[in-house]
Amino acid sequence: MLCLSAADIVRIWELGQDRHPLDRALLLLAFAFPEKTLTELASWSIGRRDAYLLTLRAITFGGKLNSFATCPQCQEKLEFSLNTRDILIIDPDRTISKDCYQFTTERLEIQFRLPNSLDLAAVMTAENETNASLQLAQRCLLQANLDGKAVSYQQLPATAIARLNKQLTEADSQAEILLDLTCPACDYLWQVLFDIVDFFWRELSIQAKRLLQEVHALAKVYGWQESQILGMSALRRQYYLDLAE
Ligand SMILES: [Zn+2]
């Protein structure tokens, strides 16, 4: 895995402007894993994808994540920080992805695989969340047997599909990171979903714009090219910026 260079950050930001978060996640990974194909990256489970995004974030910008939330009870703004270590449940380099998971319910034996980026992209057009979960369950179902005899997705009872949906989330624990928060003003306890794609993208956008401002300031004074300026270490760029003031 390669850490993102200054030039990568600007390029990713530029390419990802109008893209969906699912594609932005793959774009980030494509720069981190130039030897892998897009099909390969898209076939990683969402948990695996997110574990690599957290790792990429840590090696590019450091492990500390500063975030904020608004208390749903008293609207107090709460700032908090955590470390990528705290929410990295799997080590994506060591955790072997299983191709097949299984569980039994009501005489049914169900085999499934974990949802990946292609699955989430495919269910995006569903008219509501319920339909999206149903479509996801259908896509991830590999095999269902009732008393040892194969049955189709359409023959499964609603309870078995609900159970399958639950298993899809539980088996890929890295895909849904919930943070426990306590409001310092009113002691209200609640949970927020930590979305690494959204978090990383916001941060990358801020960083890309900052880098372009630095390019502008240095190019204006020294006449250097963008590639030369972005190719410098952050330390050297900062030193010249201080001199240029
Ligand atoms: Zn509160």
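Each ligand, and each atom within it, is numbered from 1 in the order the structure gives. A quick note: this is a predicted structure, and the numbers were derived from the prediction, not measured.
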What about the rings of Phe80 and Phe68, do their centers lie closer together than 6.0 Å?
-> no
Which protein atoms of type N, O or S are found under 2.8 Å from the Zn ion (ligand 1)?
->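 N, O, S partners closer than 2.8 Å: Cys71 SG, Cys74 SG, Cys183 SG, Cys186 SG.
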Between Asp180 and Gln191: side-chain donor-acceptor atoms closer than 3.5 Å = yes
For Glu40 and Ser43, does a side-chain donor sit closer than 3.5 Å to a side-chain acceptor?
->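 Note: Glu40 and Ser43 side chains miss the donor-acceptor criterion.
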Please determine if Arg210 and Glu214 form a salt bridge, counting it only when a charged side-chain N lies under 4.0 Å from a carboxylate O.
-> no
Heavy-atom neighbours of Gln225 CD exceed 12 at 6.0 Å =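 It does not: Gln225 CD has 12 such atoms or fewer within range.
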Evaluate salt bridge (Lys or Arg N to Asp or Glu O under 4.0 Å) for Asp93 paired with Arg48, printing each intermediate quantity in order.
-> CA-CA 9 Å; Asp93 283 331; Arg48 189 171 196 77; over 6 Å; no
